[in-house]
Amino acid sequence: MSSSITWNFSNLEQARAGDRLGLTAADLEAALPRARSAHEDLESRRVAGRLPFYELPYRGQVIGEIRAYVDEVRGRFSDIVVLGIGGSSLGPAALYTALGRSADQSLSAPRLHFPDNVDPFEFDALLGSLELEKTLFNVITKSGGTPETLVQYLIVKERLQHKLKDRYRENLVFTTDPAKGLLRELAQAENIRAFDIDSGVGGRFSVLTPVGLLPAALTGIDVEALCTGAGQADQDSSVAEILDNPAYRFALSLILLRDLKGAGTVVMMPYCNRLLGLADWFRQLWAESLGKRYNLEGREIFWGQTPEKALGATDQHSMVQLYMEGPFDKVICFLEVEDHGVDVIIPRLYPDRSALDFWGGRTLGQVLTAEKHATEEALRQAGRANLTALFPRVDAFTVGHFMMTCEIATVFAGSFLGIDALDQPGVELGKVLTKKELEKP
Ligand code: PA5
């Protein structure tokens, strides 16, 4: 069994981070009654079936259906293109970035693409670079009506039909609502293979439905281990004792730093390129779930904490100056990896030059870890709050564990703040106005 992620919150304590941003034991203590109510609220909504994302790690039948499809199409495709946006793209993209390259070392593993945007130059270039007969297009949309996804689908379908005639449907697989929406209608009318996104699970909580699991399984990622890690996170973050519960403590720390200390921004900063997709995915999760004008009572609150991303050590030479000496309005959430799976030894080429010889014999992994520890300590000394999620390694178990912990943290934050974390009313107006804009002569 892989070991889990551990969290280090000690650099958030006032004794370590200083007065400006540090939290005191009294700050946490005062929040506990409300946090306990939030825990009870989550428990009762879960029992009532109103938070179905909690149950996603435990569905062997869905994994079985996905496995059967993967076996059916094995060897047929060199490329898989996910046509989806927002929660219908960020989850599978995060999985592929983190795990895709180590999943299947054989050259036959299909490459995954996430065009995501409707940028004409990029989309045309991507389609032009693919051998259409050997490309599977996984169209993902929960609502079935998202403009970016629909227009990409229309372009792709025309090209597939042109090339493959009636066989076009063999290069399409849909992931959508089990009963509603345009894509479900098309699947039925044209007999196109379709997987279900569970009702009650919105885009940004859907990575453990076929939205994330199907593209992952198609590229050889171990989806069972992903779900086992997520299930472990569910166990770890069901603990009623708020400060011993990693998801609750993570959420509570961010909320209190924002509301008591003015930390309006949380920067997720992995020291590992493979984890940068997780920071992208977290940005949507935290922003879209909690950036809200109204609370559940209908009162205007304009709550939100801006999630940003940075990459260690790259952004030490770009953003860290701001984090160290700019306004006291940020909390940094480091993602550190203990074992990168591979390491590269730095050769000793200049024994007579001490400035170069110093590096010889060490490894890239050691340098990266030293840079993370040094930045963490420098931020602490400058009174800048930071915390760390430590991955023992980057594998399906730890990635599933991390994503589930973040999802639980987000619904907990919604409940604590009295915000509906599952809706996104602010996104709708833009969709309506896009159509109006296109109707203009
Ligand atoms: O989290 C969400 O609900 C959104 O970000 C959606 O995922 C995004 O708008 C795409 O929606 P759909 O899956 O319906 O195409």
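Everything quoted here is computed from the prediction, not taken from an experiment.
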Fill in: Stepwise salt bridge (Lys or Arg N to Asp or Glu O under 4.0 Å) check, R159 with D124
CA-CA 12 Å; R159 295 199 189 190; D124 186 60; 3.7 Å; yes
Worksheet item: What is the distance from atom CG of L254 to atom CZ of R249, rounded to the nearest 0.5 Å?
Response: 12.0 Å
Discussion item. Evaluate K142 against S206 for side-chain contact (heavy atoms from CB on, under 4.5 Å), listing each step before the verdict.
Written reply: CA-CA 9 Å; K142 175 78 192 292; S206 69; over 6 Å; no
Discussion item. Within this structure, what is the CG-CG distance for the pair N11 and N386, rounded to the nearest 0.5 Å?
Written reply: 4.5 Å
Worksheet entry | D41 with R45: basic N within carboxylate O range, under 4.0 Å | yes
Worksheet item: Have Q316 and T375 got a donor and an acceptor in their side chains that come within less than 3.5 Å?
Response: yes
Practice prompt. Taking the side chain as every heavy atom from C-beta outward, state whether N171 and L132 have any pair of such atoms under 4.5 Å apart.
Written response: no
Worksheet item: Any side-chain heavy atom of F114 sitting closer than 4.5 Å to one from P92?
Response: yes
Fill in: Inter-residue atom distance L32.CG - R34.CZ, 0.5 Å rounding
12.0 Å
Worksheet item: Would you say P115 and V81 make side-chain contact, with heavy atoms under 4.5 Å?
Response: yes
Worksheet item: Just wondering, more than 12 heavy atoms not from E29 lying within 6.0 Å of its CD?
Response: no
Worksheet item: For the residue pair C272 and V394, what are the closest heavy atoms and their distance?
Response: SG-CG2, 4.0 Å
Fill in: Residue pair S4 / Q232: nearest heavy atoms and the distance that separates them
OG-CG, 3.6 Å
Discussion item. Between E336 (side chain only) and P270 (backbone N and O only), is there a donor and an acceptor less than 3.5 Å apart?
Written reply: no
Fill in: Residues forming a ring-ring contact (aromatic ring centres under 6.0 Å, His included) with F174, sequence neighbours excluded
Y153
Discussion item. If we ignore hydrogens and angles and just use 3.5 Å, is the side chain of N245 paired with the main-chain N or O of V239 as donor and acceptor?
Written reply: yes
Worksheet item: So E407 and R204, salt bridge (Lys or Arg N to Asp or Glu O under 4.0 Å) or not? Walk me through it.
Response: CA-CA 9 Å; E407 290 181 12; R204 55 196 180 273; over 6 Å; no
Less than 3.5 Å apart, which donor and acceptor atoms pair up between the side chains of residues 274-283 and the rest of the protein, not counting sequence neighbours?
from: R274; atom 1: NH2; to: H340; atom 2: O; distance (Å): 3.1
from: D280; atom 1: OD1; to: K309; atom 2: NZ; distance (Å): 2.9
from: D280; atom 1: OD2; to: K309; atom 2: NZ; distance (Å): 3.3

Fill in: Trace of the side-chain contact (heavy atoms from CB on, under 4.5 Å) decision for F391 with L335
CA-CA 7 Å; F391 287 61; L335 308 185; 4.2 Å; yes
Worksheet item: Between T209 (side chain) and V211 (backbone), is there a donor-acceptor pair under 3.5 Å?
Response: yes
Practice prompt. With K330 as the cation and Y323 as the aromatic partner, state whether NZ or CZ is under 6.0 Å from the six-membered ring centre and within 45° of the axis.
Written response: no
Worksheet item: So, for F250 and A409, which heavy atoms are closest and what is the spacing to 0.1 Å?
Response: CD2-CB, 3.9 Å
Discussion item. Side chains of F334 and L379, heavy atoms from C-beta outward: is any pair under 4.5 Å?
Written reply: yes
Item to complete: Just do the side-chain contact (heavy atoms from CB on, under 4.5 Å) check on V70 and R74 with the steps written out, would you?
Response: CA-CA 6 Å; V70 171; R74 192 181 303 284; 4.0 Å; yes
Worksheet item: Within a radius of less than 6.0 Å around CZ of R76, do more than 12 heavy atoms belonging to other residues, nucleotides or ligands occur?
Response: yes
Worksheet item: Hey, does I66 have a side-chain heavy atom less than 4.5 Å from the side chain of P210?
Response: yes
Worksheet entry | Sidechain-backbone polar pair: T149 side chain, G145 backbone, donor-acceptor under 3.5 Å | no
Worksheet entry | Sidechain-backbone polar pair: T398 side chain, D395 backbone, donor-acceptor under 3.5 Å | yes
Item to complete: Would you sort out whether E376 and K372 count as a salt bridge (Lys or Arg N to Asp or Glu O under 4.0 Å), showing the intermediate values?
Response: CA-CA 6 Å; E376 176 185 23; K372 187 268 170 180; 3.0 Å; yes
Item to complete: Check the side chains of T265 and D329 for a donor-acceptor pair under 3.5 angstrom, ignoring hydrogens and angles.
Response: no
Worksheet item: Hey, are the side chains of F137 and Q152 touching, using non-hydrogen atoms and a 4.5 Å cut-off?
Response: no
Fill in: Six-ring centre of F328, R20 cation under 6.0 angstrom, axis tolerance 45°
yes
Give the table of side-chain donor-acceptor pairs shorter than 3.5 Å for residues 191-202, with sequence neighbours excluded, one pair per line with atom names and distance.
from: R193; atom 1: NH1; to: E72; atom 2: OE1; distance (Å): 3.4
from: D196; atom 1: OD1; to: R184; atom 2: NH2; distance (Å): 2.7
from: D198; atom 1: OD1; to: R59; atom 2: NH2; distance (Å): 3.4
from: D198; atom 1: OD2; to: R59; atom 2: NH1; distance (Å): 2.4

Worksheet item: In terms of side-chain heavy atoms, does E190 have a donor or acceptor partner in Y168 at a distance below 3.5 Å?
Response: yes
Fill in: Side-chain donor/acceptor of D27 to backbone N/O of T24, under 3.5 Å
yes
Discussion item. Around atom CD of E241, are there more than 12 heavy atoms from other residues, nucleotides or ligands closer than 6.0 Å?
Written reply: yes
Discussion item. Check whether K292 reaches the backbone of D420 with its side chain - one donor and one acceptor, N or O, closer than 3.5 Å.
Written reply: yes
Worksheet item: Side chains of N8 and T388: is there a donor and an acceptor less than 3.5 Å apart?
Response: no
Practice prompt. Give a yes or no on whether Q188 atom CD has more than 12 heavy-atom contacts from other residues, nucleotides or ligands under 6.0 Å away.
Written response: yes
Worksheet, complete the sentence: Minimal heavy-atom distance between A413 and L290, with the atoms involved, is CB-CD1, 3.7 Å
Worksheet entry | Sidechain-backbone polar pair: K261 side chain, L23 backbone, donor-acceptor under 3.5 Å | no
Discussion item. Please evaluate residues I80 and T135 with respect to the criterion side-chain contact (heavy atoms from CB on, under 4.5 Å), reporting the C-alpha separation (whole Å), side-chain torsions for both, the decisive distance (0.1 Å), and the verdict.
Written reply: CA-CA 6 Å; I80 297 166; T135 304; over 6 Å; no
Discussion item. Working to the nearest 0.5 angstrom, can you tell me the gap between D423 CG and Y294 OH?
Written reply: 12.5 Å
Worksheet entry | Basic-acidic side-chain contact under 4.0 Å: R380, E377 | yes
Worksheet item: Is a donor on one side and an acceptor on the other found under 3.5 Å between the side chain of S318 and the backbone of D315?
Response: no
Worksheet entry | More than 12 heavy atoms of other groups within 6.0 Å of F121 CZ | no
Worksheet item: Heavy atoms, side chains only, cut-off 4.5 Å: are L417 and I255 in contact?
Response: yes
Worksheet entry | Non-hydrogen atoms of P110 and Y96 that approach each other most closely | O-OH, 4.1 Å
Worksheet entry | Stacked cation flag R258 on W303, 6.0 angstrom / 45 deg | yes
Practice prompt. Could you check if a side-chain atom of D166 sits within less than 4.5 angstrom of a side-chain atom of Q161, using non-hydrogen atoms only?
Written response: no
Worksheet entry | Approximate separation, where rounding is to 0.5 Å, of Y248 OH and S238 OG | 6.5 Å
Response to the item:
Minimal heavy-atom distance between A421 and F205, with the atoms involved, is O-CE1, 4.0 Å
Worksheet entry | Any donor-acceptor pair under 3.5 Å from T219 side chain to A216 backbone | yes
Worksheet, complete the sentence: dist L112:CG -> I221:CD1 (nearest 0.5 Å) comes out at 7.5 Å
Discussion item. Using a strict threshold of under 4.0 Å (side-chain N to carboxylate O), is an ion pair present between R393 and E338?
Written reply: no
